[in-house]
Amino acid sequence: MSEKYDLPKAYEFAEVETRWYDHWMEQKTFAATMEEGRDSFSIVIPPPNVTGVLHIGHALNCTLQDLLIRYHRMKGDNTVWIPGTDHAGIATQNVVERQLASEGKTRHDLGRDKFIERVWDWREEKGGTIINQLKRMGASCDWDRERFTMDEGLSKAVREVFVRLFDEGLIYKGDYIVNWCPRCHTALADDEVEHDPTEGKLYHLRYPYADGSGEVIVATTRPETMLGDTAVAVHPEDERYTGLEKIGIRLPLTDRVIPVVLDHHVQREFGTGALKVTPAHDRDDYEIGLRHDLERIKIMDDHGVMNENAGKYKGLDRFACRRQIVSDLKEQGFLEKIEDYQHAVGKCYRCATVVEPTTSKQWFVSVRPLADKAVAAVRDERIKIYPNTWYNTFYSWMDNIRDWCISRQIWWGHRIPAWTCEECGKLIVATRAPDVCSKCGSSNLTQETDVLDTWFSSALWPFSTLGWPDDTRELETFYPTSVLITSFDILFFWVARMMMMGLHLLDEVPFHDVYLHALVRDKHGKKMSKSTGNVIDPLKMIDQFGTDAFRFTLTAFAAQGREIKMDEERVEGYRRFINKLWNAARFAQMHIKDSDPAIVEVAGDPSSLALPHQWILSRINATVQEVRAALDGYNFNDVASSIYQFTWHEFCDWYLEWIKGDLYGDDEQARNNAKGVLLCVLENILIMLHPITPFVTEEIWSQLPGERSTIMLEKFPKENSQWHNENADQAMELLMGVISAIRTIRSEADVHPTAKIQASILCADADKEALIHKFSAAICSMTRTEELHIMPSGTVPDDAGHVLVEDLEVFVPLKGLIDVEGELEKLAREHKKIDKELIRVIGKLRNQKFLDNAPEAVILKEKAKQKELETRLAKNAESKARLRKLQ
RNA sequence: GGGCGGUUAGCUCAGCUGGGAGAGCAUCGGCCUUACAAGCCGAGGGUCACAGGUUCGAGCCCUGUACCGCCCACCA
């Protein structure tokens, strides 16, 4: 690609994006480096579900990671971004089960092994979707290191961890009440249950005393559970029921007499203050059952269908049973009343089926000791959380954490490495299948059928992907990882568990920083959902506006907050920015395409260069500082806005216009200087922008003069003290102020843009006068001024447009063109404003307490302000006087 | 019930340790000025939700109120 040519007029992003991504892949530019003596920077991607399709949250997540990865790679760090996918137990099993259903089969028709084979087939065929979509986003992952939570290495890590935790007594098997999804046939963790407010009914049932002397009314939203009632609970101090515990209750529809127990959990104010207790089907009741040693009667099977304990209701679905029970109770006079009732119903987060609390044998992790380590690490700032508003939430969740139910009754996942000896009942937990029982020597061993919660394997992701439990060079170089970037909604599902596992197993944090990005909502702040139809499809954005524009938008939106309201129009706006950059580069290319790239060297020491060059170098230096600070502090929106502001409004609007005179002029020295600085600044812009907009920057870069390899490996700019120049900043401020002033006068007076005018400046300061004089040609050309007069003093003609710039008066004679009334109104408004300010400032300066307490600098500033306001007020009066003469 | 966040220009949002209110988009006026009309130049627009307080000084700190949103725990 050494032939240099003018850039085409339009930027064709679609072609450019595929061409460069292919090129990067071929050249393996994304590959990790592990060289001695360099800093390390590593990120593991939050593995998207293998069933996933790229949504806007992924797009944001991906962009921010790629931004940091590219930045650090350009800083020269040993950098790796490890990609991969999550096997997503229930989600994936559901997808394949649906596929089977369309063939009229269930997984049971296939059997476990064949079914799992089928899932692997599905994964081979369809599992790459989201990976390819990440590539379209421009993700510079080290794709040769792509991992999958079910692949061999990671499975080994999973078994290793399970065995270690079991041996330490941190994993146990127990009977427990769990959230059961009758559709997915599995237990769900507490945080996998979503509580939706639902319109339901509250049924008030009559429970007669066992001796027939009275009755108690109990209320329930799930009347069918009464079949499993083994007690009625009342508050110990509830006088209404004193002595009832000696009598008991005759449970309707059954022939059972159940006890009345006294328990503080019961709220006297609710309903009648009597609570039916179903220990096998309600979490709170389960706790009460434990306290009072109550019998647990399970009345449903795993499908949510009533079992033999339900007597004549056996075989009914739980909801059909509810209807039947209600009708029977009513018929037999046990139904007091039914009320409409809104309450929270727990639903499976995967399939939205109503969850059934029920008891079963499950595996658990004792998380308390692990959680303590995580909390300590956060308290010691070994892990920092951004934005810091999440600390409180993190601590309170960790304080209230319950043991983690890790077993799931599905087939797709890491099968629990535990075997039971059928001869002697010995439980064996091991990383590999044992041949014989360690106790009795029998070979009749059966493995657990449950698999592990998907989050178990993802909790190991930061080190399992680096080769743990083996001692690898990758682990040594890249663990702990630098930063974890993820959405806050999985702070507890995933982030906290990675902390626990990393700290416990490697005795080291899994990452130094956690950056929790916002949730992307639609432009009205509503959650995006398919049913609402307000989903913004990232791929559509890419097709329509290009990946770079889309990435820039996401970056610009990524302030540290909780939500981002996404508006497609913004993407359109940033596409214009890409276009602007493209055209600026085109302009530069017209002048420099045949130059030696070494021309940038003139920028090395700007002291002998003309003011505009000194200024733009000073400004880009300031921008570099801003951008670096913003990147290091995860203030992504500031990164975008600094570069945007500089590129468009300083580089394009002012600098390029300013140097046109030199570029098109005859002075060879001036022309060469302009070309050199132009190329230098453009290169710096491209490099700084590259992490956000990789494609367009690479494309332009490749066409700039000289042999060039990828921009991806260029050094990210550093602060350059030689470029810092406050005098140049101030001088340019003044000149730009003068130009704007003349333009304002022209525009206000409706002078045609091509009409030539004369302008005058009253300037008492000799240095400023010299400055303006020196650049009068540029001022004239940028304002279409024919003659510019600069005088130390004088009077402003009555019929002149007039603007004050600092302590300079700029005016343009405009015979008959002045809108006298309009100008007077404007001056009146200005007068009011100045007055108001002046009163405030003078008040302050007369306040002794202010003079005593405020820092010297602030006082001086206020004094200067007073002087300036007074001058402006005087000039305002003069202007008004002049205009009145024209009335 | 507990906790957290938000309220700044018509819209979407910035605003660092308290020291003269900003951006983008939209609006209005004028321009095809040889990189860009996907553009250029210019203009208008804000009691920083409300009420108190601290302070010489508050968009920023404190207290309270209102509205919006989220999270956790849920009363069967």
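In what follows, every heavy atom counts, from backbone to side chain, and hydrogens, waters and symmetry copies are set aside. Numbered from 1 within each chain, the chains take letters A, B, ... in sequence-line order.
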Integer angstrom distance from the [atom1] of [N] to that of [M]:
| N | M | atom1 | result |
| --- | --- | --- | --- |
| B/C25 | B/A9 | C1' | 12 Å |
| B/G24 | B/G45 | C1' | 15 Å |
| B/U8 | B/C50 | C1' | 15 Å |
| B/C60 | B/G69 | C1' | 22 Å |
| B/G59 | B/C16 | P | 13 Å |
| B/C4 | B/A58 | C1' | 24 Å |
| B/A73 | B/C11 | C1' | 37 Å |
| B/A66 | B/A51 | P | 15 Å |

- line: Taking B/A76, B/A35, B/G30 as options, the one with an atom nearest any side-chain atom of A/Leu275 is B/A76
query: Any idea which of B/A76, B/C32, B/G39 is nearest the A/His752 side chain?
result: B/C32
query: Does a side-chain N or O from A/Tyr11 land closer than 4.0 Å to OP1 or OP2 of B/A35, or not?
result: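 No, because none of the side-chain N or O atoms of A/Tyr11 sits under 4.0 Å from OP1 or OP2 of B/A35.
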message: Can you see if the side chain of A/Lys849 gets near the phosphate of B/U55 - specifically, an N or O under 4.0 Å from OP1 or OP2?
response: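 No, no such contact exists.
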Pair [X] + [Y]: basic N to acidic O under 4.0 Å:
| X | Y | value |
| --- | --- | --- |
| A/Glu657 | A/Lys660 | yes |
| A/Glu356 | A/Arg318 | yes |
| A/Arg671 | A/Asp662 | no |
| A/Lys833 | A/Glu837 | no |
| A/Glu862 | A/Lys865 | yes |
| A/Asp548 | A/Arg575 | no |
| A/Glu786 | A/Lys756 | no |

Validation row: [X], [Y] side chains within 4.5 angstrom (heavy atoms):
| X | Y | value |
| --- | --- | --- |
| A/Ile685 | A/Leu581 | yes |
| A/Thr278 | A/Thr230 | no |
| A/Leu704 | A/Leu686 | yes |
| A/Glu748 | A/Asp819 | no |
| A/Trp658 | A/Leu735 | yes |

Answer with base, sugar-phosphate or nothing: what part of the nucleic acid does [X] contact at a heavy-atom distance below 4.0 Å?
| X | answer |
| --- | --- |
| A/Asp852 | nothing |
| A/Lys276 | nothing |
| A/Glu657 | base |
| A/Val266 | base |
| A/Tyr664 | sugar-phosphate |

Euclidean distance, atom [atom1] of residue [X] to atom [atom2] of [N] [Å, nearest integer]:
| X | N | atom1 | atom2 | answer |
| --- | --- | --- | --- | --- |
| A/Lys580 | B/A38 | NZ | P | 12 Å |
| A/Asp819 | B/G29 | CG | P | 15 Å |
| A/Arg746 | B/U33 | CZ | C1' | 11 Å |
| A/Asp263 | B/A76 | CG | C1' | 13 Å |
| A/Met398 | B/C71 | CE | C1' | 16 Å |
| A/Arg784 | B/C40 | CZ | C1' | 11 Å |
| A/Phe587 | B/A38 | CZ | P | 20 Å |
| A/Asp750 | B/C31 | CG | P | 8 Å |

All N/O contacts under 3.5 Å from nucleotides 16-20 of chain B to the protein, with atom names and distances to one decimal?
residue	atom	partner	partner atom	Å
B/G20	O2'	A/Glu837	OE1	3.3

query: List RNA chain B stems (3 or more consecutive Watson-Crick/G-U pairs, under 3.5 Å)?
result: B:1-7 with B:66-72, B:10-13 with B:22-25, B:27-31 with B:39-43, B:49-53 with B:61-65
- prompt: How about A/Asn579 and A/Arg576: does a side-chain donor come under 3.5 Å of a side-chain acceptor?
  reply: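 Side chains of A/Asn579 and A/Arg576: no pair found under 3.5 Å.
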Strictly under 3.5 Å: I want the nitrogen or oxygen pairs between protein and nucleotides 2-6 of chain B, one per line.
residue	atom	partner	partner atom	Å
B/C4	O2'	A/Arg562	NH2	2.7

Sub-3.5 Å pairs of nitrogen or oxygen atoms, protein against nucleotides 22-26 of chain B:
residue	atom	partner	partner atom	Å
B/G24	OP1	A/His649	NE2	3.2

field: Given RNA chain B, 5'-ward residue of the pair A/Ala556 and A/Ala588, judged by closest heavy atom
entry: A/Ala556
- request: With sequence neighbours excluded, give me every salt bridge (charged side-chain N to carboxylate O under 4.0 Å, His left out) pair touching residues 626-654 of chain A.
  value: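 The answer is A/Arg619-A/Glu650.
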task: Please say whether more than 12 non-hydrogen atoms of neighbouring residues, nucleotides or ligands are located less than 6.0 Å from NZ in A/Lys867.
output: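 Count not over threshold, so no.
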- prompt: Given the side-chain rings of A/Phe695 and A/Phe13, with only the six-membered ring counted for Trp, is the space between their centroids under 6.0 Å?
  reply: no
task: Taking the six-membered ring for Trp and the full ring for Phe, Tyr or His, determine whether the centres of A/Phe550 and A/Phe545 are under 6.0 Å apart.
output: no
task: Could you label the plane-to-plane angle of the A/His591 and A/Phe587 rings as parallel, tilted or perpendicular, counting under 30° as parallel and over 60° as perpendicular?
output: perpendicular
message: Can you tell me how the ring of A/Phe552 sits relative to the ring of A/Tyr574, calling it parallel under 30°, perpendicular over 60° and tilted otherwise?
response: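 Ring orientation, 0 to 90° scale: tilted.
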Sugar-phosphate or base contact per nucleotide [nucleotides 41-48 of chain B; S, B, -; heavy atom under 4.0 Å]: SSS-----
